[in-house]
Amino acid sequence: MTSAPGDPAPWWHTGALAWLVARAYTRSRPAAALAWAAALATIAPYVLRRAVYESADRDGMVIFCRYRPVLDVVVATVLGLAFFGLGFGAFVAEFDHRPLVLVVLGGILGVVLAGARLMSGGLSPTDAVGPDTPDGRRWAIMALAQRPGTRYSALLLTRRLISSLPAGDVVVAVAADELLAGAYARFGLTRTAGRRVHRVLD
């Protein structure tokens, strides 16, 4: 099983959810516009894993899935190869416009990389597990995002997802900031190194 109990967000909401993440993890609309492509690249693999959840009011979202970093890398790599495969196909097919194709592909890559630098942490499970993380079947919380000007629905969604898991499972996350670390603490997650948190369900 790769996704938590419940109904994941439909794939056609991916673009809007990427915008939600970009707005939540940057400080202005122009920065969010630049970060949108990076947010899309971040959540797309989890849409395929059916691990992206959206609050009923559509103002909050979270990625909640089994902690499987190898699978995450494989899915992201496949999507990346597919994108660059399409780009290479366009490069070959448009023989007379190769410089333009290269400029477009380079521009897209540049926007994704620049956008990734604008967004703060909490979007990757890589640092969520360390030597102080308890053993057990692990679930990762990532990209918890609340639309600016709204409150709580992403946290309430996450609490519902956590409560649906059986005893003995372990929830792991890296808080994007101190405020979120405090919210995780109220959910019973224990803070360890940095802003890494975990909870063994009982």
Side-chain angles (χ1 to χ4, degrees), residues 1-26 32-83 112 115-116 118-129 137-165 169-177 180 183-184 187 189 197-199 201:
M1 184 177 181
T2 58
S3 60
D7 297 320
W11 64 265
W12 56 87
H13 287 187
T14 304
L17 291 172
W19 176 248
L20 196 162
V21 170
R23 287 286 288 124
Y25 283 78
T26 58
L34 185 59
W36 179 84
L40 182 64
T42 297
I43 71 172
Y46 297 99
V47 172
L48 291 181
R49 286 187 60 184
R50 294 181 57 76
V52 179
Y53 294 84
E54 182 180 22
S55 62
D57 61 9
R58 300 191 66 184
D59 286 328
M61 66 146 284
V62 67
I63 294 172
F64 193 84
C65 60
R66 287 288 303 279
Y67 177 76
R68 290 176 174 167
V70 174
L71 177 61
D72 292 341
V73 171
V74 169
V75 175
T77 300
V78 169
L79 286 177
L81 290 175
F83 171 77
V112 171
L118 284 172
M119 292 191 293
S120 53
L123 297 178
S124 170
T126 306
D127 299 324
V129 170
R137 189 172 70 157
R138 292 165 175 163
W139 296 79
I141 301 171
M142 293 170 285
L144 191 153
Q146 186 72 40
R147 193 182 311 279
T150 65
R151 302 179 69 184
Y152 302 131
S153 58
L155 289 170
L156 294 174
L157 170 64
T158 304
R159 184 171 66 179
R160 179 179 65 81
L161 291 168
I162 292 174
S163 67
S164 71
L165 300 179
D169 281 11
V170 181
V171 177
V172 299
V174 178
D177 52 35
L180 186 54
Y184 284 148
F187 288 171
L189 277 74
V197 296
H198 68 262
R199 175 184 171 187
L201 298 177

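Note: hydrogens, waters and symmetry copies are ignored here, and every other heavy atom, side chains too, is used. Nothing fancy with the numbering, it's 1 onward along the sequence.
- Counting only residues at least two apart or in different chains, side chain to side chain donor-acceptor pair (under 3.5 Å) contacts with residues 142-152 comprise D59-R147, Q146-T150, Q146-S153.
- A search for salt bridge (charged side-chain N to carboxylate O under 4.0 Å, His left out) contacts involving R199 returns nothing, not counting sequence neighbours.
- Interatomic distance, L156 CG to L161 CG, rounded to the nearest 0.5 Å: 11.0 Å.
- Scanning both residues, C65 and M142, for their nearest heavy atoms gives SG-CE, 3.7 Å.
- Closest of all the heavy-atom pairs between Y25 and A176 is CE2-CB, 3.9 Å.
- In this structure, the separation between OH on Y46 and CE on M61 is 11.0 Å, given to the nearest 0.5 Å.
- Scanning all heavy atoms of the two residues, the minimum distance from L155 to L144 falls at CD2-CD1, 4.0 Å.
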Show me, pair by pair, the donor-acceptor contacts under 3.5 angstrom made by side chains of residues 11-23, not counting sequence neighbours?
| from | atom 1 | to | atom 2 | distance (Å) |
| --- | --- | --- | --- | --- |
| H13 | ND1 | E54 | OE1 | 2.7 |
| T14 | OG1 | W11 | O | 2.4 |

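- Counting only residues at least two apart or in different chains, salt bridge (charged side-chain N to carboxylate O under 4.0 Å, His left out) contacts with residues 36-45 are absent.
- Taking every heavy atom of both residues into account, G60 and A154 meet most closely at CA-CB, 3.8 Å.
- By the 4.5 Å heavy-atom criterion applied to side chains, I141 and F187 are not counted as neighbours.
- From T26, atom OG1 reaches atom CG of L34 across 9.0 Å, with rounding to the nearest 0.5 Å.
- Relative orientation of the F64 and Y53 rings is perpendicular, given thresholds of 30° and 60° on the angle between their planes.
- Annotation: side chain of V197 is not in contact with side chain of V171 (no heavy-atom distance under 4.5 Å).
- For R138, the salt bridge (charged side-chain N to carboxylate O under 4.0 Å, His left out) partners at least two apart in sequence or on another chain are D135.
- Remark: D57 engages no residue in a salt bridge (charged side-chain N to carboxylate O under 4.0 Å, His left out) (not counting sequence neighbours).
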